[in-house]
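First the structure, in the form of structure tokens, and then the observations on it.
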Amino acid sequence: MTERSRISYNYAAGKLTGRRVKTGFLGKLSRYKVLLLMLLPAVVYYFIFSYIPMGGALVAFKSYDYAKGIFGSPWVGLENFRFFFQSGKLVNVTVNTILYNLAFLTVNTTLQITVAIMLSEVGGKYFKKIAQSVMFLPYFVSWVVVGAIVYNIFNVKLGLLNNILGFFGLLETDVYRTPGVWKYILVFFSAWKNIGYGSVVYLAAIMGIDTEMYEAAEIDGANIFTRIRKITLPCMTPTIITLVLLAIGSIFRGDFSMFYQIVGDNGLLFDSTDVIDTFTFRSLMKTQEIGMSAAVGLYQSILCFTILMVTNAVIRKVDSSSALF
Amino acid sequence: MKKAWYCGLILVLVIAMLGGCGQSEQPVSETQEETTQLKMYLLGDKPAIYDEIYGQVNEMLKQDLNAQLEVEFIPWGEQDKKYALIFAANEDFDLVYAANWAYYTQQAAKNSFLELTDELLEKNNPTSLAEIPEVAWEQTKVNGKRYMIPISGVEFGTHVVGIRGDLREKYSLPPITDLASLEAYMDAVAENEDTITPWGGLSTRELALMMPQEWAYAGNVGEEMMIGFDIADDSAAVFSIVDTPEYEAYVQKMKSWFDKGYWNSDVLSTVGEGLSKGRFAVSSHNILTTSSYLNTLNAENPDWKVELCDISQGTKKLPLLYTNSGMAVHQTSKNPDKALQTIELLRNDPDYFNLTWYGVEGKHWEPVGDKEFRSLNDQLPSEEQYYPGCVWGWRNAKLWRTESNMYGDSKQMLKDWEARDMVQSDVQAFNFNSEQVKNEMAAVTNVYKQYGVPLEYGFVDPVEGLRVYREKLEQAGHDKILAEMQRQLDAYLNQ
């Protein structure tokens, strides 16, 4: 139905029945019933899977007993949080988690935007499709497999790297005893895996930009770089901000499968590769205290919530239309 | 407009249907005829002929108890992760394998298992109650309560090594009888073999520290705590292993092993691989496991001339605790009585026992006298062979048979150990209650993995690394765990 007919229809409806537009909660409810109904599944989903389980955070303050369940187990106050402080690793793993996530965010976002712009500018339908598919492929490779790949590249005796170095007569390196290089390895593999997926999202944002603007700019003599800088990037900003904000919301959560599969149980590397999630896993696998792992989860959630609220408030101040809420 | 309404309606219906799925429960029948469905969790890989074996078990169970048993297997690689999860998720199962090395003490303290009261056992397990020695029942007690039906019989956890005889002969070395001759063998492999790395065994600590010193871990809470006791010493004192001069010497030695190329810096990814793939020259495990492992290897690679060597040199040995294996009932089992009766049958009825342990008589095994059996697996195609997984939980000294064709001299070794080296210790059976120090234990577990393990594989300087390890242990509150353990142990022994 066209814009014109909708206006005339609404107009006619209002005129014919002569009803006043209802305000207030019930009025809004009936007025937006279709939209609300469409929203319902998402609300129900989040209520069931995100809000009800929040009650489980209680476990963080209890000494869990299987016979008594969540509500019957005895309270222990903040006792479950103590090991985290006692271990002396609190600062180290929290800082690692944030820094790794910031590095992933910066590197991945930059690369994804670059790739998206390049893909949108280059011609050749087939080249575009093939390039996109090739970059998208790693996204489907599980971290377990990536872990095996990393091991096959870097292991000392039979690894690819040392074989190549040996072939050229260079000194063999022992990557598994060199903590310093692992931050680059991790960032590299994170980028390798996520670049294709992320660039598709940005590509969609670019496709939504009105081509008339580009044509006008071209007539006015703007070259390709000016067009990218003055049209593409500004038009992508809202998408970029939304995605970055969403990523910041989980900045205190380490990607467990990634760190665990690539680094494993190699204690030598922990100071530079340990994130909150791997530390918790390692510490509690033996004691198997649900309460203590819930305590760490709660710690992460509170920090994530705080930083998300703060960032969003800052963005709302600067550019209110880009903020999440 | 109408279309949108329909769409909305359909969505609501779909959600209602999805929601409804979770609630459909079968009505519980009141009649006596209803067959009880039991579910059991075991560790290990699911046998290739599961349907054949447990199909027969179920035929018998249908007759005897009007019950059906379904067994789920937790594969070895996932055991330390998945075992706790089945309790945490409160999965619907009745029976589960339990062992002191698989978190029995920790899980029991959290009431994951049903307490086995006198009443329950007298009613359902009279034979087991009489057959299992009183000391074994004592060992199962956590906070004074029993949570498992333990095994009976003597077994050793002492490690032996399996080596490649072809390599030993190639470098004309004498047979391996102690740590020094093992070192000579690994030296030869490290220096001369490009594609074979010497050490493919489990942690070196067992062979190079615990065994020569005649030490064992105290409290049944795992090696991560690094709290030991002297098995030959009656004074019942526990000590911090890391603080001893013996440990200092051990890490020095491990540094030299690493420098000599006994393993690579990626050893933690390959630890315990053993000889199978031809990449390593030494494997290490307890004697029964090693014996059957070498039997298999020898059939596949006779040219390797694998050898089973005891390097313990007559050191004193503790037999494994009776709680080294056992069966427990899930706290939330709906049919605890039937579950216990099933264990009673598996454990004490020769038909059930032989079938689940050894397979079909005449096809998978044949008896050799009363106490031994011969496996016929090697005459069957691999899809018909029977490897039972973790049936150890219902091992019974009266029915259990040893393999008649144990590898090399291992049968004689076992006899010697039992006659000559075996000692008993009261400290061994003590189960530590970690409630008061569980934060410290979590912190120490992490310190162990971050600072202890690299030190023991010689990746860091032994002097500086040991200093840091001791310092971190102190910060994590290791002293407090040690003191609490000594306190509880004294109370336990003075009972």
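Lettering of chains follows the sequences in order, A, B, ..., and the numbering in each one begins at 1. Just so it is clear, the model here is predicted, and its values are computed rather than measured.
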Main-chain N/O of A:Ala67 paired to B:Asn111 side chain as donor or acceptor, under 3.5 Å: no

Least distance between heavy atoms, A:Gln86 atom then B:Ala443 atom: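 That closest heavy-atom pairing would be CG-CB, 4.3 Å.
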
Which one wins on heavy-atom pair count under 4.5 Å against chain B: [options]?
options	result
A:Phe279, A:Phe85, A:Phe81, A:Tyr45	A:Phe279
A:Ile290, A:Ile48, A:Asp271	A:Asp271
A:Gly264, A:Gly88, A:Ser63	A:Ser63

Name the region of [X], side chain, backbone, both or neither, that has any atom closer than 4.5 Å to a heavy atom of chain B.
X	result
A:Ser73	neither
A:Tyr64	backbone
A:Phe154	neither

4.5 Å side-chain heavy-atom contact, [X] and [Y]:
X	Y	result
A:Glu289	B:Lys110	yes
A:Tyr66	B:Gln107	yes
B:Gln450	A:Lys89	yes
A:Asn155	B:Asn264	no

Most contacts with chain A, counted as non-hydrogen pairs under 4.5 angstrom, among B:Lys449, B:Gln106, B:Gln331: B:Lys449

Among the listed options B:Met441, B:Gln475, B:Lys81, the residue most often paired with chain A at heavy-atom distances under 4.5 Å: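 The candidate making the most pairs under 4.5 Å is B:Lys81.
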
Atom [atom1] in [X], atom [atom2] in [Y]: separation rounded to 0.5 Å?
X	Y	atom1	atom2	value
A:Asp174	B:Phe459	CG	CZ	8.0 Å
B:Ser265	A:Asn266	OG	CG	7.5 Å
B:Tyr448	A:Arg282	OH	CZ	12.5 Å
A:Leu284	B:Thr445	CG	OG1	8.0 Å

Worked check of side chain to side chain contact (heavy atoms under 4.5 Å, CB included) between A:Asp265 and B:Val453: CA-CA 9 Å; A:Asp265 264 340; B:Val453 174; over 6 Å; no

Carboxylate-amine/guanidinium contact B:Lys438 A:Glu79, below 4.0 Å: no

Heavy-atom contact with chain A under 4.5 Å, split by part of [X]:
X	answer
B:Lys472	neither
B:Tyr103	side chain
B:Asp194	backbone
B:Tyr451	side chain
B:Ser112	both

Greater than 12 external heavy atoms within 6.0 Å of B:Glu474's CD: no

Within 6.0 angstrom of B:Lys334 NZ, more than 12 heavy atoms from elsewhere: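 Open.
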
Donor-acceptor side-chain pairing of A:Ser87 and B:Asn446 below 3.5 angstrom: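 Not at all, the side chains of A:Ser87 and B:Asn446 share no donor-acceptor pair under 3.5 Å.
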
